[in-house]
Amino acid sequence: MDKQLRIAILISGRGSNMQKLVAAAADLPVQIVLVAADRQADVPSAGGINWARNAGLNCKTLLPSDYGGRCPGQERALAEAIEGAEADFIFLAGYMAILSAEFVGRFSNKIINIHPSLLPKYKGLHTHQRALQDDAREHGATVHLVTPALDDGPIILQGVVDVHTDDDADTLASRTLALEHRLYPLVLSALAHAELDIQGGKPIWKQTALDKLHKALPEIRPLIDLG
Ligand code: GRF
C-alpha cells in the first residue's frame with residue numbers, strides 16, 4: 001500500500017476546492033491532517049471552515065487580528081500548526097493572503113496553489129473580468145508551486161476553458177471553477193501515487209501519468225516541463 005500523504009489545506013472563504021480535495025482524499029492514500037482558515041467562520045463568505053469542522057477534520061482558525069496583523073505572528077502560528085500536523089504538502093485553496101518569503105522558505109517546495117487563470121496571464125485578483133476585458137478566447141486555471149513572488153511559481157498543471165461571446169465574469173468564473181475542481185484532485189492523486197514528484201523546485205511528472213491525464217481531461221494544456 002502507498003504511504004499516506006499528509007496534507008494541510010489553507011482557505012479563506014467558501015472552500016469549494018478544499019471540499020473537492022477532501023472528497024478525493026477519501027479514495028486515495030491521503031490524510032487531510034489540517035484545514036486552516038484566516039477568516040472568521042461567522043463571515044458568510046467564509047463557510048468553508050464550518051464545512052470542514054462538520055466533516056470532522058482537524059481545523060484551526062488563525063485570524064491575523066488576533067496576532068497583531070498577519071506577519072510574523074499569525075504566520076508563525078500557522079507554520080507551527082502545519083508542522084504540528086506533520087503535513088507533507090500544503091494546498092492553498094482560495095487562501096487570500098500573500099505568504100511571506102520566510103513562510104514559503106520554511107515549507108520550500110511543499111506549498112501548492114490553484115489560481116483561476118492561465119498563468120503567467122492574470123496574476124492576482126479579478127482574473128475573469130480581466131480576461132473578458134482583453135477579449136481573450138480562452139481562459140483557464142493553473143496549479144503551481146508557490147514561490148515568494150505572487151502567482152509565479154513553476155506550473156504543475158493547467159487546464160483551458162473556452163470563453164463564450166455571451167460570458168460575463170460570473171459565468172466565466174463558474175466554468176473555470178468547475179475545471180479547478182477537476183485539476184486540483186488530479187494533482188493530489190498524482191502526488192499520492194508518486195506519479196508526480198517535486199524535485200529541485202520543479203514538478204516532475206511520470207509520462208504514464210501525463211497520458212492518463214490527457215485522457216481524463218483532454219483540454220489540459222501541455223505546458224508541463226518534463227525536466
Ligand atoms: C478559486 O477560484 C481559487 O482558484 C482562487 O480562489 C477561489 C477559491 O474558491 N484562488 P473556493 O474557496 O475554493 O470555492
Side-chain angles (χ1 to χ4, degrees), residues 7-25 30 32 34-55 57 59-63 70 78 89-99 103-104 111-132 136 138-163 167-188 217 219-221 223:
I7 300 295
I9 307 175
L10 309 190
I11 62 171
S12 295
R14 68 190 162 189
S16 70
N17 278 291
M18 176 265 301
Q19 292 179 35
K20 296 294 173 187
L21 290 172
V22 171
V30 168
I32 307 296
L34 175 69
V35 178
D38 66 346
R39 305 245 167 113
Q40 287 279 25
D42 57 4
V43 174
S45 62
I49 197 68
N50 287 333
W51 182 93
R53 212 164 264 133
N54 289 336
L57 295 163
C59 292
K60 269 203 183 328
T61 301
L62 298 159
L63 304 178
R70 188 168 298 281
L78 181 60
F89 284 97
I90 302 158
F91 277 63
L92 308 183
Y95 190 64
M96 299 307 284
I98 296 177
L99 296 168
F103 185 94
V104 173
I111 312 177
I112 294 174
N113 184 39
I114 189 158
H115 182 76
S117 80
L118 289 173
L119 290 173
K121 284 186 185 161
Y122 313 124
K123 297 174 181 177
L125 297 175
H126 310 301
T127 58
H128 314 297
Q129 192 62 49
R130 287 156 66 202
L132 290 173
E138 55 178 31
H139 188 51
T142 304
V143 179
H144 67 96
L145 274 176
V146 171
T147 56
L150 180 69
D151 299 329
D152 196 47
I155 290 170
I156 297 174
L157 187 61
Q158 284 187 317
V160 179
V161 293
D162 289 329
V163 179
D167 265 334
D168 58 25
D170 289 341
T171 57
L172 186 55
S174 84
R175 193 173 319 114
T176 307
L177 189 65
L179 174 69
E180 292 182 46
H181 290 165
R182 297 170 72 197
L183 287 180
Y184 227 8
L186 285 170
V187 169
L188 180 63
L217 204 62
E219 65 271 42
I220 264 180
R221 185 164 262 220
L223 281 183

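For ligands, and for the atoms within them, numbers begin at 1 and follow the listed sequence. Note that this is a predicted model, so its numbers are computed, not measured.
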Query raised in the report: Any idea how H139 and Y122 line up, ring-wise: parallel (<30°), tilted (30 to 60°), or perpendicular (>60°)?
Result: tilted
Starting from [atom], which protein heavy atom do you reach first, and at what distance in Å?
atom                    : answer
atom 8 (C) of ligand 1  : G94 CA, 3.6 Å
atom 5 (C) of ligand 1  : P116 CD, 3.9 Å
atom 9 (O) of ligand 1  : R14 NH2, 3.2 Å
atom 12 (O) of ligand 1 : G15 N, 2.9 Å
atom 10 (N) of ligand 1 : I114 O, 3.2 Å
atom 4 (O) of ligand 1  : E180 OE1, 2.5 Å

Query raised in the report: Just by distance, do the side chain of R175 and the backbone of V163 share a donor-acceptor pair under 3.5 Å?
Result: no
Report task. Keeping the roles fixed (side chain from R39, backbone from I11), state whether a donor-acceptor pair exists under 3.5 Å. Result -> no
Query raised in the report: Of I114, V146, I112, which is the lone residue that meets side chain to side chain contact (heavy atoms under 4.5 Å, CB included) with L92?
Result: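 Of the listed options, the one satisfying the test is V146.
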Query - Test applied, side chain to side chain contact (heavy atoms under 4.5 Å, CB included); reference residue, Q158; option that passes from I155, V160, I156 - result: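 Checked I155, V160, I156 against Q158; only one passes side chain to side chain contact (heavy atoms under 4.5 Å, CB included): I155.
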Query raised in the report: W51 versus Q19: any side-chain heavy-atom pair under 4.5 Å?
Result: yes
Query raised in the report: Between N17 and ligand 1, is there a nitrogen or oxygen pair with a distance under 3.5 Å?
Result: yes
**Report entry** Candidate with minimal heavy-atom separation from atom 11 (P) of ligand 1, of A141, G13, G47, S16
**Finding:**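 Selected option, by shortest heavy-atom distance: S16.
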